[in-house]
Amino acid sequence: MQEKYIPQVVEAKWQQRWETEKSFKADEASEKKKFYLLEMFPYPSGKIHMGHVRNYSIGDVVARFKRMRGFNVLHPMGWDAFGMPAENAAIQNNCHPAAWTYENMAYMRGQLKRMGFSYDWDRELATCDVEYYRWEQQIFLQMYERGLAYKKTSFVNWCPTCETVLANEQVEDGGCWRCDSDVKQKELDQWFFRITDYAEELLDWTNHLPGWPERVMTMQRNWIGKSFGCEITFPLEGEEEGITVFTTRQDTLYGATFMSLAPEHPLAERITTPERREAVTAFVEKIARTDRVRRTAEEFEKEGVWTGAFCTNPLTGCRMPVYLANFVLMEYGTGAVMAVPAHDQRDFEFAGKYDIPIRVVIQPDGEILDPTTMTEAFTEVGTMVNSDRFNGMRSDAAKESLADHLAGEGVGKKTVNFRLRDWGISRQRYWGNPIPIIYCDICGAVPVPLADLPVTLPRDVTFTGEGGSPLAQLDSFVTVPCPVCGLSSRRETDTMDTFVQSSWYFLRYCCPDFTDGPLDKKRTGYWMSVDQYIGGIEHAVLHLLYARFFTKVLRDLGYVTVDEPFLNLLTQGMVIKDGAKMSKSKGNVVDPNGLVERYGADTARLFSLFAAPPEKDLDWSDQGVEGSYRFINRVWKLVFETLPFTTKAPALDPEKLTAEGKGLRRLLHKTIRRVTDDVEGRFHFNTAIAAIMEMVNGLNAFEAKNDPRNGAVLREAMSSLVIMLAPFIPHAAEELWEGLGETVSLSQVSWPSWDAEVAADEELTVVVQVNGKLRDRITVSATATEEEIRSMALAAERVLALLEGKSVRKVIVVPGKLVNIVVG
RNA sequence: GCGGGAGUGGUGGAAUGGCAGACACGCUUGGCUUAGGACCAAGUGGGGUGACCCGUGCAGGUUCAAGUCCUGUCUCCCGCACCA
């Protein structure tokens with residue numbers, strides 16, 4: 001090794017060594033226990049950013065650590081390569097999305113290699129490769145066969161900027177998750193995945209994933225939104241069919257005085273009377289023009305229009321006018337709400353505005369509500385009144401009886417409702433996986449036969465940037481014979497949401513070269529589930545919910561045997577600079593390239609691991625980076641300068657240690673224990689690194705370096721130090737390891753173990769408190785009994801002074817830690 | 001409104017109910033240097049400046065002992081939200 005640390009030289013050397021020796025290749029034929037470690041794969045946007053550096057540095061520590069702990073580690077990397085930016089770039093720069101994407105992947109692959117992450121590059125995949133997406137088409141067809149993929153006409157979220165449909169999960173605050181444009185509602189014929197079939201199971205399992213952060217589970221539970229209630233049918237005057245509502249408050253049914261329908265409700269048109277038609281049509285049109293963001297804001301004024309129709313309260317026989325109301329959502333429940341003004345705030349406001357009667361059916365404790373003087377709805381639990389046989393019951397307890405009663409009368413039933421909607425996967429874009437369906441005038445929608453797969457995404461398209469998907473303009477793609485009858489038919493030109501590809505890529509990593517189907521059951525069975533998944537919190541209900549769903553579907557299709565894809569999930573925080581997330585618009589971006597050129601990859605890695613625990617946001621600090629760089633230099637210098645003592649050292653004989661040597665060895669074994677616990681148990685790399693820094697400080701302060709009797713213990717310390725640094729700064733560690741005279745790459749070396757006896761102190765400092773306040777310290781032998789410690793504490797000089805004239809009431813002894821003397 | 005998380009030095013952050021502030025950044029002083037940088041050494045929560053007091057958003061409580069547990073409260077962040 002060189003005297004001076006030159007990261008660029010060292011890093012290039014070891015990256016090349018790892019590559020030629022295929023040091024991180026994962027093989028299923030191993031005696032070791034498997035460990036599947038995965039970080040969320042990147043979108044090839046052009047170049048990696050600090051978020052990637054952080055995410056992948058965290059992952060690489062775990063990968064390298066687990067290997068050193070004797071696991072057979074699968075640590076793959078690939079590209080989430082379909083998606084809109086490629087298409088936008090094509091329109092702007094007149095280059096093909098494929099060219100743009102593959103160039104970006106090549107560049108970013110180089111950047112990731114330059115960071116020294118220990119991936120098995122032989123398993124690299126890109127979702128835009130036909131060898132990937134062809135299998136997804138097969139999965140789609142199998143889902144279609146089972147009714148899990150289907151097409152329906154509905155109102156969907158439409159982003160006018162991206163000119164495509166978005167899934168509910170991809171609408172954030174009424175805006176597009178990518179470009180933030182206001183999302184409009186548009187009625188379209190679209191493909192869906194029946195994720196609602198799995199709602200119950202997806203929800204159940206949120207209680208059986210202890211390795212997931214609670215808040216992600218909570219977000220998923222909220223998203224699935226299960227609620228218990230009743231479906232109740234209200235007969236419509238002059239119609240065969242009634243109106244069915246979903247309610248969680250069947251206990252307020254006796255107080256229902258009107259009915260509200262969503263403006264888009266299919267019955268709305270039919271039941272409107274001629275004299276109300278004009279008003280109703282005007283209202284419906286007004287709502288259609290109002291964007292969803294505004295309409296769903298809570299402060300938005302409650303408005304409606306009477307249809308002229310009436311329905312009947314099935315229990316009271318009360319005649320209820322049927323309104324259309326702007327706050328009723330077609331996509332939740334049945335799109336119809338029984339309105340109980342006395343006990344629902346929205347209905348209360350609505351009733352006030354349109355002069356509809358208020359009927360109190362639940363009275364609060366110690367108060368009598370009067371409909372004529374109420375200022376707001378009473379929504380809590382109380383005693384039921386005006387409710388026939390249920391009078392006098394507690395409203396919450398009555399829910400069950402009411403449900404039974406409704407079922408008995410044949411007007412309702414108990415039911416559960418989910419907020420979760422089916423996953424809309426159609427995208428009116430080019431750069432995605434074509435949906436393998438053909439439309440024939442005679443045979444209807446016909447799946448592309450398996451033998452005809454893949455439906456290859458054609459290259460020769462033109463990008464105008466307007467007028468929808470370029471695929472639809474390409475006659476050679478669109479026009480095909482119907483697989484059933486042979487007549488000229490049209491291909492589906494929608495492509496799949498890119499979240500479909502990321503819903504199963506982790507399975508394909510297990511067998512990326514498999515050619516007989518989407519997945520090799522044997523290899524997938526060996527590696528799955530992912531033992532540790534690491535990525536950003538922003539995918540809490542997007543990718544992470546879809547991937548769980550897909551895993552269950554693939555299980556039911558017989559491809560995998562696991563119920564859940566990710567056993568443990570680590571959600572890392574954002575990288576912040578100057579109080580804000582790094583972004584071009586804020587001008588606070590730190591480019592990894594510059595960092596690596598100046599300090600090397602090891603420094604970039606070390607800083608992003610040391611500055612904060614992984615799950616917290618990381619505050620970027622240029623000075624902190626300097627500090628990390630200085631630390632590596634200090635270690636380098638320490639190892640280099642002690643080489644004369646360590647390289648010629650004899651084998652360690654624990655019996656023949658000097659006092660200093662023994663102390664140093666104790667420090668080492670304590671450090672090994674701390675670092676192992678911090679890395680293994682809780683991924684607290686910042687404290688693990690701090691422990692190593694403390695040891696380095698201890699080694700620098702070690703005076704007796706040149707005492708030949710300490711050579712062996714010094715060598716043990718240096719070796720272990722370098723091994724422990726390997727997961728964090730692998731290049732520098734390898735070079736130092738070689739400098740110590742070792743010939744086997746650190747990637748093959750085991751993590752050091754610690755000996756509790758060696759780590760144990762011979763003497764301990766015990767804190768002495770009087771009435772809970774620190775007053776003195778005593779030094780006791782590690783073998784001292786509680787009684788001995790107690791009497792020493794009571795005899796301590798400063799304690800004696802404080803005990804003067806007072807009586808000792810109680811003495812608490814915490815062995816090895818503290819004595820608290822209670823006096824009074 | 002509901003749910004989740006967090007409030008600790010000048011800064012990032014440490015602390016199985018047991019010495020608050022590990023480790024690092026920054027800063028101060030000194031050394032080295034023509035100088036700067038780098039490096040090395042010492043110091044660094046506040047106040048008194050003796051060996052004492054105060055201090056983990058705020059107010060209570062439990063305990064021999066509370067940053068940590070409990071109750072209330074404030075602030076900030078995140079998610080969901082006219083969800084029937």
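All chains are named by letter (A, B, ...) in the order of the sequence lines, taking the proteins before the strands, and each is independently numbered beginning at 1.
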Within the structure, does a side-chain N or O atom of A:Arg634 lie under 4.0 Å from either OP1 or OP2 of B:rC39?
-> no
Is the base of B:rG43 syn or anti, where syn means the angle lies within 90° of 0?
-> anti
For B:rA15, does either OP1 or OP2 sit under 4.0 Å from a side-chain N or O belonging to A:Arg674?
-> no
Against the side chain of A:Thr687, the closest entry in B:rA14, B:rA38, B:rC64 is B:rA14
Using the C1' atom as the reference point in each nucleotide, state the distance between B:rU68 and B:rG61 in Å, no decimals.
-> 15 Å
Determine: side-chain N/O of A:Arg346 to OP1/OP2 of B:rA84, distance under 4.0 Å, yes or no.
-> no
Checking all strands, does A:Gly627 fall into the base, sugar-phosphate, or nothing category for heavy-atom contacts under 4.0 angstrom?
-> sugar-phosphate
Take atom C1' in B:rU63 and the same atom in B:rU49, then report the distance between them in whole Å.
-> 34 Å
Nearest-neighbour nucleotide for the A:Ala690 side chain, B:rC23, B:rA14, B:rA84 considered = B:rC23
Out of B:rA15, B:rA84, B:rG4, whichever nucleotide has its closest atom nearest the side chain of A:His684 | B:rA15
Side chain of A:Tyr332 - closest among B:rA84, B:rG13, B:rC52 | B:rA84
P gap between B:rA42 and B:rA24, integer Å = 12 Å
Considering non-hydrogen atoms only, spot the tightest contact between A:Glu303 and A:Lys353 and give its length.
-> CG-NZ, 3.8 Å
If you take atom types as modelled and just measure distance, does the side chain of A:Lys302 reach the base of B:rC82 with a donor-acceptor pair under 3.5 Å?
-> yes
Spacing between A:Trp620 atom CH2 and B:rA24 atom C1', to the nearest angstrom = 15 Å
Is there a donor-acceptor contact under 3.5 Å linking the side chains of A:Asn207 and A:Trp205?
-> no
Does A:Arg215 make a side-chain N or O approach to OP1 or OP2 of B:rA6 shorter than 4.0 Å?
-> no
Short side-chain N/O contact from A:Lys670 to OP1 or OP2 of B:rA22, under 4.0 Å = no
Is any side-chain N or O of A:Asn222 under 3.5 Å from a base N or O of B:rC80, one able to act as donor and the other as acceptor?
-> no
Can the ring centres of A:Phe499 and A:Trp423 be said to be less than 6.0 Å apart?
-> no
Quote, to the nearest angstrom, the C1' distance that separates B:rC54 from B:rG5.
-> 30 Å
B:rC58 and B:rG67, which share atom name P, separated by this distance in whole Å = 11 Å
Can you check whether A:Tyr323 and A:Phe350 have ring centres sitting under 6.0 Å from each other?
-> yes
Calculate the interatomic distance between A:Lys817 atom NZ and B:rC19 atom P; express it in whole Å.
-> 8 Å
Mate of B:rA41 where both pairing distances stay under 3.5 Å, Watson-Crick or G-U = B:rU29
Between P of B:rA38 and CD of A:Gln623, the distance in whole Å = 11 Å
Give a yes/no answer on whether the side chain of A:Arg790 brings an N or O atom under 4.0 Å of OP1 or OP2 in B:rC64.
-> no
For A:Arg221, report the nucleic acid contact type (base, sugar-phosphate, nothing); a contact means any heavy atom under 4.0 Å.
-> nothing
Between B:rC78 atom P and A:Ile537 atom CD1, what is the distance in whole Å?
-> 12 Å
Cut-off 3.5 Å, side chains only: do A:Asp678 and A:Thr687 have a donor facing an acceptor?
-> yes
Interatomic distance at P, B:rC25 relative to B:rC80, whole Å = 39 Å
Taking the P atom of each, how far is B:rC83 from B:rC77, in whole Å?
-> 24 Å
Can you find a side chain N or O atom of A:Asn697 that sits less than 4.0 Å from OP1 or OP2 on B:rA22?
-> no
So, is A:Asn417 close to the B:rA84 phosphate, meaning a side-chain N or O under 4.0 Å from OP1 or OP2?
-> no
Which nucleotide, B:rC23, B:rA84, B:rA65, lies nearest any side-chain atom of A:Asn820?
-> B:rA65
Are A:Ile821 and A:Leu802 close enough that some pair of their side-chain heavy atoms sits under 4.5 Å apart?
-> no
Under 4.0 Å: is that the gap between some side-chain N or O of A:Arg775 and OP1 or OP2 of B:rA65?
-> no
Side chains of A:Thr244 and A:Thr233: do they bring a donor and an acceptor to under 3.5 Å?
-> yes
If you check every side-chain atom of A:Lys637, which of B:rC40, B:rC54, B:rG26 has the closest atom?
-> B:rC40
P atoms of B:rC70 and B:rG7, separation to the nearest Å | 15 Å
